[in-house]
Amino acid sequence: MAYITLETKKLANNFNHLNDFFKSHNIDWSIVTKILCGNEKYLTELLNLGIKQYSDSRISNLKMIKNLDANAQTIYIKPPAKGVIEEVVTYADISMNTDFHTIEMLSKEAVKQNKIHKIIIMIDLGELREGVMRDDFIDFYAKVFEMKNIEVVGLGTNLACLYGVLPNNDKLIQLCLYKQLIEMKFNVKIPFISGGSSVTIPLIKQGLLPKDINHFRIGETLFMGTDAYNHVNFENMENDIFKLHAEIIELYEKPLIPSGELGSNLEGEVVTFDDENIGKSTIRAIIDIGLLDIDMKHLEATNENVKLAGATSDMVVLDLGENLENFKVGDQMQFTLDYMGIVRIMNSQYIEKRVVH
């Protein structure tokens, strides 16, 4: 049996730390919940913290949040596909947009539902993921400005996700300049400049964040306690809120090197071995998770004497060395996961999700 746990006290510590930090800099922030994959138990724990705004890239996850708390403010954080327009207007108070025809459809649906749908227009500042190109932005806004039941409440950008283009003062100043241009040209007020994610937090600490940047979208730093810019852990924040537990289903002493002619494995790889290990053996354990649940590069045993030896679709093989801890069949092994490891485990229907208070 395998399950993942979320420790609520550690989550609360990280939330309170970030909330105090952003308040001290007059910045609003939204929790990016996609790591939780719409899990009702874990979303309930977030709601209990008093979080006011939630962002997600899956409309089903936003629907779950609205079902738990109809007053929670929700943001759909990728350009909506045509097939989800109705649901986006229904379950997302705000959506992030880059395409004129998509916003036209949102406008028509908002009129149909008798709602004002709020949008944040995303600008491409070099990451080449979503975003209106800078040269086209003023004309783009002019057309959107005339649409019925659409209110532009912010400008935003996304960095560091696709190619790792890092945020800096110059790029974020560009975003702020577009805000100023829009406000002067159209005589409007743009409330939010959503230029921040976990990777942008160090710029605040260094005093390099332009003052107009007043909205952050935070997932990784809340759930992992990490400085995503420098790939280290923040002091006073927890980095093991989630733990994976997997049961040992076999344990034997076995050779270090397989016998027989070697071809490619399940993933199409041809594995090589060190000839120095010929004739040597180790204690090997098999646990009841596999590649369907986790990519091994995102997984690390909490016990430093436990090494990952390999994996197939449903099983992971561990090298226990001399098994100094005297593990046996039926014991639970503990593992920590990075961000993508947690997302994949949370997305697996085969892994039970538990809360630790």
Side-chain angles (χ1 to χ4, degrees), residues 22 26-34 47 51-124 130-132 137-158 175-176 178-197 212-219:
F22 284 124
N26 298 313
I27 293 172
D28 291 316
W29 67 302
S30 175
I31 308 300
V32 179
T33 58
K34 57 187 176 183
L47 288 162
I51 296 167
K52 294 180 173 59
Q53 192 180 78
Y54 302 81
S55 297
D56 209 297
S57 57
R58 305 288 180 179
I59 198 66
S60 59
N61 298 346
L62 296 182
K63 182 178 180 179
M64 175 62 73
I65 291 167
K66 284 292 192 182
N67 287 340
L68 293 170
D69 182 1
N71 295 318
Q73 189 175 52
T74 52
I75 306 178
Y76 189 69
I77 56 171
K78 68 178 179 181
K82 182 178 179 180
V84 298
I85 293 295
E86 180 180 352
E87 291 179 296
V88 167
V89 174
T90 301
Y91 298 111
D93 299 301
I94 304 170
S95 62
M96 292 182 167
N97 285 271
T98 62
D99 180 77
F100 176 74
H101 297 294
T102 299
I103 302 172
E104 272 190 323
M105 289 188 286
L106 290 168
S107 171
K108 291 175 182 178
E109 183 60 34
V111 169
K112 182 179 176 182
Q113 293 190 27
N114 194 27
K115 285 184 175 181
I116 299 297
H117 184 69
K118 299 176 181 179
I119 68 170
I120 294 173
I121 300 176
M122 302 296 282
I123 304 174
D124 193 314
E130 83 277 24
V132 179
F137 179 71
I138 300 298
D139 291 339
F140 183 90
Y141 180 87
K143 291 192 293 183
V144 172
F145 183 62
E146 302 295 331
M147 288 190 189
K148 293 181 179 179
N149 292 53
I150 294 293
E151 180 184 355
V152 180
V153 296
L155 308 181
T157 194
N158 182 77
L175 186 62
C176 297
Y178 281 105
K179 168 189 183 288
Q180 294 167 18
L181 284 170
I182 290 295
E183 289 184 336
M184 287 188 295
K185 185 175 178 64
F186 296 92
N187 192 29
V188 295
K189 182 68 177 175
I190 303 293
F192 293 112
I193 303 300
S194 188
S197 62
D212 281 344
I213 304 294
N214 62 359
H215 185 265
F216 270 56
R217 312 175 303 273
I218 302 296

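Worth knowing before you read on, the calculation uses all heavy atoms, side chains too, and leaves out hydrogens, waters and symmetry mates.
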Inset, instruction - For T98 and P79, work out which heavy atoms get closest and say how close. - result: OG1-CG, 3.6 Å
Legend entry - Derivation and outcome, side chain to side chain contact (heavy atoms under 4.5 Å, CB included), residues K78 and R58: CA-CA 9 Å; K78 68 178 179 181; R58 305 288 180 179; 4.1 Å; yes
Inset, instruction - Return yes if some donor-acceptor pair links the side-chain N/O of T74 with the main-chain N/O of Y91 below 3.5 Å, else return no. - result: yes
Inset, instruction - Identify whether the distance between the nearest side-chain nitrogen and carboxylate oxygen of D93 and K66 falls below 4.0 Å. - result: yes
Inset, instruction - For residues D28 and F22, determine if any side-chain heavy atom of one lies less than 4.5 Å from a side-chain heavy atom of the other. - result: no
Legend entry - Heavy-atom check, side chain of V89 versus side chain of N149, under 4.5 Å: no
Legend entry - Minimum heavy-atom distance I190-E183, with the two atoms named: N-OE2, 2.9 Å
Inset, instruction - I would like to know whether I213 and C176 meet side chain to side chain contact (heavy atoms under 4.5 Å, CB included); could you show each step before the answer? - result: CA-CA 7 Å; I213 304 294; C176 297; 3.7 Å; yes
Inset, instruction - Answer yes or no: is there a side-chain heavy-atom contact under 4.5 Å between Q113 and E86? - result: yes
Legend entry - Side chains of M105 and K82 in contact at under 4.5 Å (non-hydrogen atoms): yes
Inset, instruction - Might you point out which heavy atoms bring L175 and I193 nearest each other, and give the distance in Å? - result: CD2-CG2, 3.6 Å
Legend entry - Spacing of S95 atom OG and I59 atom CD1 [to the nearest 0.5 Å]: 9.0 Å
Inset, instruction - Check whether any side-chain heavy atom of I182 lies under 4.5 Å from a side-chain heavy atom of V188, and answer yes or no. - result: yes
Inset, instruction - Evaluate the side-chain proximity of R217 to M96: yes if any heavy-atom separation is below 4.5 Å, no if none is. - result: yes
Legend entry - Heavy-atom side-chain proximity of Y54 to M64 below 4.5 angstrom: no
Inset, instruction - Might you point out which heavy atoms bring N214 and P191 nearest each other, and give the distance in Å? - result: ND2-O, 2.8 Å
Inset, instruction - Answer yes or no: are there more than 12 heavy-atom neighbours, outside K185 itself, under 6.0 Å from its atom NZ? - result: no
Inset, instruction - Using the side chain to side chain contact (heavy atoms under 4.5 Å, CB included) rule, pick out the option among I94, I103, I75, T102 that qualifies with I119. - result: I103
Inset, instruction - Verify the neighbour count for atom NZ of K118: are there more than 12 heavy atoms of other residues, nucleotides or ligands below 6.0 Å? - result: no
Inset, instruction - Could you check if a side-chain atom of Y76 sits within less than 4.5 angstrom of a side-chain atom of L62, using non-hydrogen atoms only? - result: yes
Legend entry - Backbone N/O of T90 and side chain of K115: donor-acceptor pair under 3.5 Å: yes
Inset, instruction - Looking only at non-hydrogen atoms, find the nearest pair between I77 and E130 and report the distance. - result: O-OE2, 4.5 Å
Inset, instruction - Can you measure from CG (L106) to CG (N97) and round to the nearest 0.5 angstrom? - result: 5.0 Å
Inset, instruction - Mind telling me whether F137 and F140 have parallel, tilted or perpendicular rings, with 30° and 60° as the class edges? - result: parallel
Legend entry - Nearest non-hydrogen partners of G195 and T157, listed with the distance: CA-CG2, 4.4 Å
